[in-house]
Chemist: 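Below: one structure in C-alpha coordinates.
In what follows, chains are A, B, ... by sequence order, proteins preceding strands, each numbered from 1. The structure displayed is predicted, hence computed values, not measured ones.
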2 protein chains.
Amino acid sequence: MVNNDNNQSVNPSKNFVLPFILLLLSRVSLHGYELSQKLQAFGFKSIDQGNLYRLLRKLEADELVSSEWDTTGNGPAKRKYSITKAGITYLKGYANQLETYQAMLDQFFSMYSSLLELYIPSFSTRDSIEKKRSEKRRNDDGKKE
Amino acid sequence: MVNNDNNQSVNPSKNFVLPFILLLLSRVSLHGYELSQKLQAFGFKSIDQGNLYRLLRKLEADELVSSEWDTTGNGPAKRKYSITKAGITYLKGYANQLETYQAMLDQFFSMYSSLLELYIPSFSTRDSIEKKRSEKRRNDDGKKE
DNA sequence: CTCTATATGTGTAAAATACATATAGTTGGA
DNA sequence: TCCAACTATATGTATTTTACACATATAGAG
(Lines give C-alpha, C1' and ligand atoms only; values in the text may rest on other atoms or scores of the structure.)
Protein backbone atom coordinates (compact mmCIF):
# COMPACT_ATOMS: atom_id res chain seq x y z
CA MET A 1 0.00 0.00 0.00
CA VAL A 2 3.06 2.21 0.40
CA ASN A 3 1.26 5.03 2.18
CA ASN A 4 -1.07 6.56 -0.35
CA ASP A 5 -2.88 8.74 2.13
CA ASN A 6 -2.27 12.40 2.78
CA ASN A 7 -1.35 11.91 6.40
CA GLN A 8 2.37 11.98 5.81
CA SER A 9 3.84 13.48 8.93
CA VAL A 10 6.76 15.82 9.13
CA ASN A 11 8.99 12.90 9.94
CA PRO A 12 9.97 11.27 6.65
CA SER A 13 11.15 8.00 8.11
CA LYS A 14 8.38 5.96 6.62
CA ASN A 15 10.36 4.38 3.87
CA PHE A 16 12.80 7.18 3.42
CA VAL A 17 14.56 5.27 0.69
CA LEU A 18 11.42 5.24 -1.41
CA PRO A 19 11.57 8.75 -2.89
CA PHE A 20 15.16 8.15 -3.84
CA ILE A 21 14.21 4.99 -5.67
CA LEU A 22 11.48 6.79 -7.55
CA LEU A 23 13.79 9.66 -8.35
CA LEU A 24 16.42 7.32 -9.76
CA LEU A 25 13.86 5.46 -11.82
CA SER A 26 12.43 8.69 -13.13
CA ARG A 27 15.67 9.31 -14.98
CA VAL A 28 16.45 5.85 -16.27
CA SER A 29 15.15 2.32 -15.95
CA LEU A 30 17.18 0.18 -13.63
CA HIS A 31 17.45 -3.35 -12.32
CA GLY A 32 17.24 -4.14 -8.67
CA TYR A 33 20.94 -4.55 -8.10
CA GLU A 34 21.74 -1.41 -10.08
CA LEU A 35 19.34 0.45 -7.83
CA SER A 36 21.07 -1.00 -4.82
CA GLN A 37 24.37 0.41 -6.00
CA LYS A 38 22.98 3.85 -6.83
CA LEU A 39 21.30 4.05 -3.44
CA GLN A 40 24.59 3.40 -1.76
CA ALA A 41 26.04 6.30 -3.71
CA PHE A 42 23.20 8.39 -2.34
CA GLY A 43 24.30 7.62 1.18
CA PHE A 44 22.26 4.57 2.08
CA LYS A 45 24.90 2.33 3.52
CA SER A 46 23.11 -0.92 4.08
CA ILE A 47 20.14 -1.86 1.99
CA ASP A 48 19.18 -5.44 2.61
CA GLN A 49 18.99 -7.17 -0.73
CA GLY A 50 15.85 -9.12 0.05
CA ASN A 51 14.02 -6.14 1.44
CA LEU A 52 14.89 -4.02 -1.58
CA TYR A 53 13.43 -6.57 -3.99
CA ARG A 54 10.42 -6.89 -1.76
CA LEU A 55 9.89 -3.15 -1.78
CA LEU A 56 10.17 -3.02 -5.55
CA ARG A 57 7.51 -5.72 -5.89
CA LYS A 58 5.27 -3.71 -3.62
CA LEU A 59 5.85 -0.55 -5.61
CA GLU A 60 4.86 -2.43 -8.71
CA ALA A 61 1.74 -3.80 -7.03
CA ASP A 62 0.89 -0.19 -6.15
CA GLU A 63 1.55 0.74 -9.80
CA LEU A 64 4.14 3.35 -8.92
CA VAL A 65 6.64 1.46 -11.05
CA SER A 66 6.35 -1.08 -13.82
CA SER A 67 8.76 -3.74 -14.90
CA GLU A 68 9.70 -5.90 -17.82
CA TRP A 69 12.20 -8.67 -18.21
CA ASP A 70 15.48 -7.73 -19.75
CA THR A 71 16.99 -10.78 -21.41
CA THR A 72 19.73 -8.98 -23.25
CA GLY A 73 23.25 -9.19 -21.90
CA ASN A 74 24.78 -11.93 -19.85
CA GLY A 75 23.47 -13.85 -16.90
CA PRO A 76 19.88 -14.54 -15.97
CA ALA A 77 17.06 -12.26 -16.99
CA LYS A 78 16.91 -8.98 -15.12
CA ARG A 79 13.76 -7.19 -14.16
CA LYS A 80 14.00 -3.69 -15.52
CA TYR A 81 11.98 -1.19 -13.49
CA SER A 82 10.52 2.03 -14.83
CA ILE A 83 8.52 4.69 -13.08
CA THR A 84 4.85 5.13 -13.95
CA LYS A 85 2.81 8.28 -14.23
CA ALA A 86 1.34 7.55 -10.81
CA GLY A 87 4.88 7.07 -9.58
CA ILE A 88 5.87 10.53 -10.76
CA THR A 89 2.84 12.01 -9.05
CA TYR A 90 3.74 10.19 -5.90
CA LEU A 91 7.32 11.35 -6.16
CA LYS A 92 6.15 14.93 -6.40
CA GLY A 93 4.05 14.54 -3.29
CA TYR A 94 6.90 12.98 -1.43
CA ALA A 95 9.24 15.74 -2.59
CA ASN A 96 6.92 18.31 -1.07
CA GLN A 97 7.12 16.48 2.23
CA LEU A 98 10.88 16.28 2.05
CA GLU A 99 10.98 19.98 1.35
CA THR A 100 9.24 20.70 4.62
CA TYR A 101 11.70 18.45 6.29
CA GLN A 102 14.63 20.14 4.59
CA ALA A 103 13.35 23.50 5.77
CA MET A 104 13.29 22.19 9.31
CA LEU A 105 16.87 21.04 9.02
CA ASP A 106 17.92 24.40 7.62
CA GLN A 107 16.22 26.07 10.54
CA PHE A 108 17.89 23.66 12.92
CA PHE A 109 21.36 24.35 11.56
CA SER A 110 20.75 28.06 11.42
CA MET A 111 20.10 28.03 15.16
CA TYR A 112 22.75 25.44 15.79
CA SER A 113 25.51 27.40 14.06
CA SER A 114 24.82 30.57 15.97
CA LEU A 115 24.70 28.56 19.15
CA LEU A 116 28.14 27.18 18.49
CA GLU A 117 29.51 30.57 17.62
CA LEU A 118 28.15 32.12 20.79
CA TYR A 119 28.49 29.56 23.50
CA ILE A 120 30.79 26.71 22.59
CA PRO A 121 34.52 27.24 22.21
CA SER A 122 35.87 24.65 19.80
CA PHE A 123 33.63 24.02 16.84
CA SER A 124 36.16 23.91 14.03
CA THR A 125 34.85 20.67 12.52
CA ARG A 126 31.32 21.83 12.21
CA ASP A 127 32.51 25.21 10.96
CA SER A 128 34.55 23.76 8.14
CA ILE A 129 31.68 21.58 7.06
CA GLU A 130 29.31 24.51 7.02
CA LYS A 131 31.84 26.47 4.97
CA LYS A 132 32.01 23.68 2.42
CA ARG A 133 28.23 23.67 2.25
CA SER A 134 28.10 27.37 1.61
CA GLU A 135 30.60 27.02 -1.18
CA LYS A 136 28.60 24.24 -2.74
CA ARG A 137 25.55 26.46 -2.61
CA ARG A 138 27.31 29.25 -4.38
CA ASN A 139 28.36 26.82 -7.08
CA ASP A 140 24.86 25.49 -7.43
CA ASP A 141 23.46 28.97 -7.67
CA GLY A 142 26.07 29.91 -10.20
CA LYS A 143 25.08 27.02 -12.44
CA LYS A 144 21.48 28.16 -12.42
CA GLU A 145 22.18 31.65 -13.68
CA MET B 1 18.67 4.94 27.09
CA VAL B 2 18.03 7.33 24.24
CA ASN B 3 20.47 5.74 21.82
CA ASN B 4 23.89 6.44 23.16
CA ASP B 5 25.69 4.16 20.73
CA ASN B 6 27.42 5.12 17.54
CA ASN B 7 25.20 3.05 15.30
CA GLN B 8 23.01 5.93 14.25
CA SER B 9 22.02 5.18 10.68
CA VAL B 10 21.50 7.63 7.89
CA ASN B 11 17.82 7.67 8.69
CA PRO B 12 17.32 10.12 11.54
CA SER B 13 13.86 8.98 12.48
CA LYS B 14 14.84 7.63 15.86
CA ASN B 15 13.40 10.38 17.94
CA PHE B 16 13.79 13.10 15.38
CA VAL B 17 12.28 15.58 17.76
CA LEU B 18 15.05 14.99 20.26
CA PRO B 19 17.80 17.12 18.71
CA PHE B 20 15.34 19.96 18.38
CA ILE B 21 14.50 19.72 22.05
CA LEU B 22 18.16 19.76 23.00
CA LEU B 23 18.82 22.66 20.68
CA LEU B 24 15.99 24.69 22.19
CA LEU B 25 17.15 23.93 25.71
CA SER B 26 20.71 24.85 24.81
CA ARG B 27 19.59 28.43 24.36
CA VAL B 28 17.20 28.86 27.25
CA SER B 29 15.59 26.78 29.95
CA LEU B 30 12.02 25.86 29.23
CA HIS B 31 9.03 24.10 30.74
CA GLY B 32 7.41 21.14 29.08
CA TYR B 33 4.50 23.04 27.64
CA GLU B 34 6.73 25.85 26.43
CA LEU B 35 8.80 23.26 24.63
CA SER B 36 5.66 21.84 23.13
CA GLN B 37 4.81 25.22 21.68
CA LYS B 38 8.30 25.91 20.36
CA LEU B 39 8.40 22.51 18.73
CA GLN B 40 5.19 23.28 16.92
CA ALA B 41 6.80 26.43 15.62
CA PHE B 42 9.62 24.25 14.35
CA GLY B 43 7.18 22.28 12.27
CA PHE B 44 6.22 19.43 14.56
CA LYS B 45 2.50 19.46 14.26
CA SER B 46 1.36 16.91 16.75
CA ILE B 47 3.41 16.16 19.80
CA ASP B 48 1.49 14.02 22.22
CA GLN B 49 1.54 15.77 25.57
CA GLY B 50 2.08 12.62 27.59
CA ASN B 51 4.84 11.33 25.37
CA LEU B 52 6.67 14.64 25.46
CA TYR B 53 6.75 14.69 29.26
CA ARG B 54 7.79 11.06 29.23
CA LEU B 55 10.64 11.82 26.85
CA LEU B 56 11.80 14.70 29.02
CA ARG B 57 11.88 12.44 32.08
CA LYS B 58 13.95 9.97 30.10
CA LEU B 59 16.34 12.64 28.95
CA GLU B 60 16.79 13.65 32.56
CA ALA B 61 17.38 10.05 33.59
CA ASP B 62 20.05 9.90 30.88
CA GLU B 63 21.46 13.16 32.24
CA LEU B 64 21.18 14.98 28.94
CA VAL B 65 18.99 17.56 30.65
CA SER B 66 18.43 18.60 34.23
CA SER B 67 15.40 20.16 35.85
CA GLU B 68 14.32 22.18 38.81
CA TRP B 69 10.92 23.32 40.01
CA ASP B 70 9.91 26.80 39.09
CA THR B 71 7.39 28.09 41.61
CA THR B 72 7.42 31.70 40.47
CA GLY B 73 4.56 32.98 38.39
CA ASN B 74 1.00 31.77 38.29
CA GLY B 75 -0.41 28.29 38.25
CA PRO B 76 1.12 25.11 39.60
CA ALA B 77 4.84 24.60 39.83
CA LYS B 78 6.57 24.10 36.52
CA ARG B 79 9.54 21.89 35.89
CA LYS B 80 12.20 24.00 34.25
CA TYR B 81 14.51 21.98 32.02
CA SER B 82 18.08 22.91 31.18
CA ILE B 83 20.59 21.13 29.00
CA THR B 84 23.61 19.50 30.60
CA LYS B 85 27.16 19.25 29.35
CA ALA B 86 26.48 15.68 28.26
CA GLY B 87 23.39 16.98 26.50
CA ILE B 88 25.45 19.43 24.49
CA THR B 89 27.86 16.67 23.52
CA TYR B 90 24.96 14.52 22.48
CA LEU B 91 23.46 17.37 20.52
CA LYS B 92 26.71 17.79 18.63
CA GLY B 93 26.75 14.12 17.72
CA TYR B 94 23.18 14.25 16.59
CA ALA B 95 23.87 17.36 14.54
CA ASN B 96 26.56 15.52 12.65
CA GLN B 97 24.06 12.83 11.76
CA LEU B 98 21.51 15.37 10.65
CA GLU B 99 24.16 16.97 8.50
CA THR B 100 24.61 13.76 6.55
CA TYR B 101 20.91 13.61 6.18
CA GLN B 102 20.71 17.21 5.02
CA ALA B 103 23.37 16.50 2.42
CA MET B 104 21.26 13.66 1.09
CA LEU B 105 18.26 15.90 0.83
CA ASP B 106 20.28 18.53 -1.01
CA GLN B 107 21.46 15.86 -3.40
CA PHE B 108 17.91 14.66 -3.82
CA PHE B 109 16.59 18.09 -4.67
CA SER B 110 19.49 18.84 -6.94
CA MET B 111 18.54 15.84 -9.05
CA TYR B 112 14.86 16.43 -8.59
CA SER B 113 14.99 20.00 -9.85
CA SER B 114 16.84 19.12 -13.00
CA LEU B 115 14.43 16.29 -13.55
CA LEU B 116 11.50 18.66 -13.42
CA GLU B 117 13.19 21.10 -15.72
CA LEU B 118 13.93 18.43 -18.30
CA TYR B 119 10.99 16.09 -18.32
CA ILE B 120 7.95 17.49 -16.60
CA PRO B 121 6.03 20.43 -18.06
CA SER B 122 4.34 22.30 -15.22
CA PHE B 123 6.53 22.68 -12.18
CA SER B 124 6.05 26.32 -11.30
CA THR B 125 5.30 25.69 -7.63
CA ARG B 126 8.39 23.68 -6.96
CA ASP B 127 10.46 26.07 -9.06
CA SER B 128 9.41 29.13 -7.08
CA ILE B 129 10.17 27.37 -3.83
CA GLU B 130 13.61 26.36 -5.01
CA LYS B 131 14.25 29.92 -6.16
CA LYS B 132 13.34 31.24 -2.73
CA ARG B 133 15.73 28.73 -1.17
CA SER B 134 18.57 29.83 -3.41
CA GLU B 135 17.96 33.42 -2.48
CA LYS B 136 17.98 32.57 1.18
CA ARG B 137 21.27 30.80 0.70
CA ARG B 138 22.82 33.81 -0.93
CA ASN B 139 21.65 35.95 1.97
CA ASP B 140 23.04 33.50 4.48
CA ASP B 141 26.34 33.42 2.67
CA GLY B 142 26.42 37.17 2.50
CA LYS B 143 25.97 37.46 6.24
CA LYS B 144 28.96 35.27 6.81
CA GLU B 145 31.39 37.34 4.82
C1' DC C 1 28.00 -26.61 -10.00
C1' DT C 2 28.77 -21.99 -9.28
C1' DC C 3 27.61 -17.38 -10.14
C1' DT C 4 24.15 -13.84 -10.81
C1' DA C 5 19.68 -12.07 -10.03
C1' DT C 6 15.31 -12.15 -8.31
C1' DA C 7 12.04 -13.52 -4.78
C1' DT C 8 9.75 -14.63 -0.41
C1' DG C 9 9.35 -16.30 4.61
C1' DT C 10 10.00 -15.23 9.17
C1' DG C 11 11.38 -13.12 13.40
C1' DT C 12 12.53 -9.43 16.50
C1' DA C 13 13.21 -5.05 18.48
C1' DA C 14 12.45 -0.36 18.22
C1' DA C 15 9.63 3.42 17.12
C1' DA C 16 5.61 6.08 16.44
C1' DT C 17 1.22 7.03 17.92
C1' DA C 18 -2.83 7.21 20.49
C1' DC C 19 -5.66 7.33 24.26
C1' DA C 20 -6.64 6.83 29.14
C1' DT C 21 -5.87 8.07 33.62
C1' DA C 22 -3.73 10.19 37.73
C1' DT C 23 -1.96 13.86 40.81
C1' DA C 24 -1.91 18.33 42.52
C1' DG C 25 -1.87 23.14 42.83
C1' DT C 26 -4.42 27.59 41.04
C1' DT C 27 -8.12 30.32 40.01
C1' DG C 28 -12.59 32.22 39.64
C1' DG C 29 -17.34 32.20 40.53
C1' DA C 30 -21.78 30.91 42.93
C1' DT D 1 -16.06 28.54 51.37
C1' DC D 2 -16.77 25.08 48.35
C1' DC D 3 -16.59 23.41 43.84
C1' DA D 4 -15.60 23.29 39.11
C1' DA D 5 -12.42 24.42 35.63
C1' DC D 6 -7.88 25.02 34.34
C1' DT D 7 -2.80 24.37 34.23
C1' DA D 8 1.02 21.38 34.42
C1' DT D 9 3.23 17.27 35.05
C1' DA D 10 3.26 12.27 35.07
C1' DT D 11 2.54 7.38 33.93
C1' DG D 12 0.00 3.12 32.07
C1' DT D 13 -1.09 0.62 28.24
C1' DA D 14 -2.17 -0.87 23.61
C1' DT D 15 -1.60 -1.04 18.68
C1' DT D 16 0.57 -0.60 14.52
C1' DT D 17 4.40 0.42 11.73
C1' DT D 18 9.14 0.45 10.71
C1' DA D 19 13.59 -1.07 10.48
C1' DC D 20 16.59 -4.58 10.22
C1' DA D 21 18.35 -9.10 9.84
C1' DC D 22 18.85 -13.62 8.36
C1' DA D 23 17.33 -17.69 6.04
C1' DT D 24 15.87 -19.89 2.12
C1' DA D 25 14.22 -20.64 -2.61
C1' DT D 26 14.11 -20.52 -7.74
C1' DA D 27 16.26 -20.40 -12.07
C1' DG D 28 19.00 -19.26 -16.06
C1' DA D 29 23.94 -18.71 -17.79
C1' DG D 30 28.36 -20.14 -18.28
Side-chain angles (χ1 to χ4, degrees), chain A residues 1-5 7-21 29-40 44-61 65-81 94 97 101, chain B residues 1-5 7-21 29-39 44-62 65-81 94 97 101:
Chain A
M1 225 168 299
V2 175
N3 187 17
N4 272 317
D5 55 41
N7 291 352
Q8 291 166 322
S9 77
V10 84
N11 188 326
S13 65
K14 292 179 187 176
N15 245 328
F16 180 58
V17 77
L18 196 153
F20 289 85
I21 289 175
S29 300
L30 294 169
H31 312 137
Y33 72 97
E34 286 175 325
L35 258 174
S36 172
Q37 291 164 358
K38 302 255 183 190
L39 288 172
Q40 283 184 357
F44 295 96
K45 282 167 192 166
S46 59
I47 308 285
D48 182 79
Q49 167 264 330
N51 291 331
L52 175 61
Y53 283 114
R54 182 171 6 234
L55 174 57
L56 286 171
R57 300 297 281 159
K58 193 161 154 236
L59 293 182
E60 185 167 24
V65 305
S66 62
S67 74
E68 55 183 58
W69 286 105
D70 174 12
T71 52
T72 67
N74 297 335
K78 302 160 182 68
R79 196 182 280 276
K80 192 176 72 177
Y81 283 99
Y94 222 121
Q97 291 303 121
Y101 191 57
Chain B
M1 223 166 295
V2 174
N3 187 17
N4 272 316
D5 55 39
N7 291 351
Q8 292 167 321
S9 76
V10 83
N11 187 326
S13 65
K14 291 180 188 175
N15 247 328
F16 180 58
V17 76
L18 196 153
F20 288 84
I21 289 175
S29 299
L30 294 169
H31 313 137
Y33 74 96
E34 286 174 326
L35 259 174
S36 171
Q37 291 165 357
K38 302 254 183 191
L39 288 171
F44 295 97
K45 283 167 192 166
S46 60
I47 310 284
D48 183 78
Q49 167 264 330
N51 291 332
L52 176 60
Y53 282 114
R54 182 170 5 234
L55 174 58
L56 287 171
R57 300 297 281 160
K58 194 162 152 234
L59 293 181
E60 187 168 22
D62 292 342
V65 304
S66 62
S67 75
E68 54 184 58
W69 287 105
D70 173 12
T71 52
T72 67
N74 297 335
K78 302 157 182 70
R79 196 182 280 275
K80 192 176 71 177
Y81 283 99
Y94 222 123
Q97 292 303 123
Y101 190 55

Chemist: Choose from dA8(D), dA5(C), dA7(C) the nucleotide whose nearest atom is closest to any side-chain atom of Trp69(A).
Modeler: dA7(C)
Chemist: Let me know the distance between CG of Leu18(A) and P of dT18(D), rounded to the nearest Å.
Modeler: 11 Å
Chemist: Rounded to whole angstroms, how far apart are OH on Tyr33(B) and P on dC6(D)?
Modeler: 17 Å
Chemist: At under 4.0 Å between heavy atoms, how does the protein contact nucleotides 23-30 of chain D? Give one character per nucleotide, 5' to 3', with B, S or -.
Modeler: -----BSS
Chemist: Ignoring hydrogens and angles, does a donor from either the side chain of Asn51(A) or the base of dA21(D) sit under 3.5 Å from an acceptor on the other?
Modeler: yes
Chemist: Round to a whole Å and report the spacing from CG of Asn15(B) to P of dT17(C).
Modeler: 10 Å
Chemist: Once you round it to whole Å, what is the distance between P of dT9(D) and CD1 of Ile47(B)?
Modeler: 15 Å
Chemist: Holding to side chain to side chain donor-acceptor pair (under 3.5 Å), I want the full list of residues that pass it with Asp48(B), two or more places apart in sequence or in another chain.
Modeler: Asn51(B)
Chemist: Round to the nearest Å and state the distance from Leu30(B) atom CG to dT9(D) atom C1'.
Modeler: 15 Å
Chemist: Rounded to whole Å, please give me the gap between CG in Leu55(A) and P in dA5(C).
Modeler: 19 Å
Chemist: Quick one: list whatever passes side chain to side chain contact (heavy atoms under 4.5 Å, CB included) with Ala77(A), sequence neighbours left out.
Modeler: Trp69(A), Thr71(A)
Chemist: Go through the structure and list residues passing side chain to side chain donor-acceptor pair (under 3.5 Å) with Thr72(A), not counting sequence neighbours.
Modeler: Asp70(A)
Chemist: What is the distance from NZ of Lys80(B) to P of dT7(D), rounded to the nearest Å?
Modeler: 22 Å
Chemist: Does Arg57(A) make a side-chain N or O approach to OP1 or OP2 of dT8(C) shorter than 4.0 Å?
Modeler: yes
Chemist: In this structure, how many angstroms lie between the P atom of dT7(D) and the OH atom of Tyr53(B), rounded?
Modeler: 12 Å
Chemist: Taking only residues two or more places apart in sequence or in another chain, which ones pass side chain to side chain contact (heavy atoms under 4.5 Å, CB included) with Arg57(A)?
Modeler: Glu60(A), Arg79(A), Tyr81(A)
Chemist: Not counting sequence neighbours, which residues clear ring-ring contact (aromatic ring centres under 6.0 Å, His included) with Phe20(A)? List them please.
Modeler: Phe16(A), Phe42(A), Phe44(A), Phe108(B)
Chemist: For Leu52(A) and Val17(A), what are the C-alpha separation, side-chain angles and deciding distance, and is it a side-chain contact (heavy atoms from CB on, under 4.5 Å)?
Modeler: CA-CA 10 Å; Leu52(A) 175 61; Val17(A) 77; over 6 Å; no
Chemist: For a side-chain contact (heavy atoms from CB on, under 4.5 Å) check, start with the C-alpha distance between Gln49(B) and Tyr53(B), then their side-chain angles and the critical distance, and finish with the verdict.
Modeler: CA-CA 6 Å; Gln49(B) 167 264 330; Tyr53(B) 282 114; 3.4 Å; yes
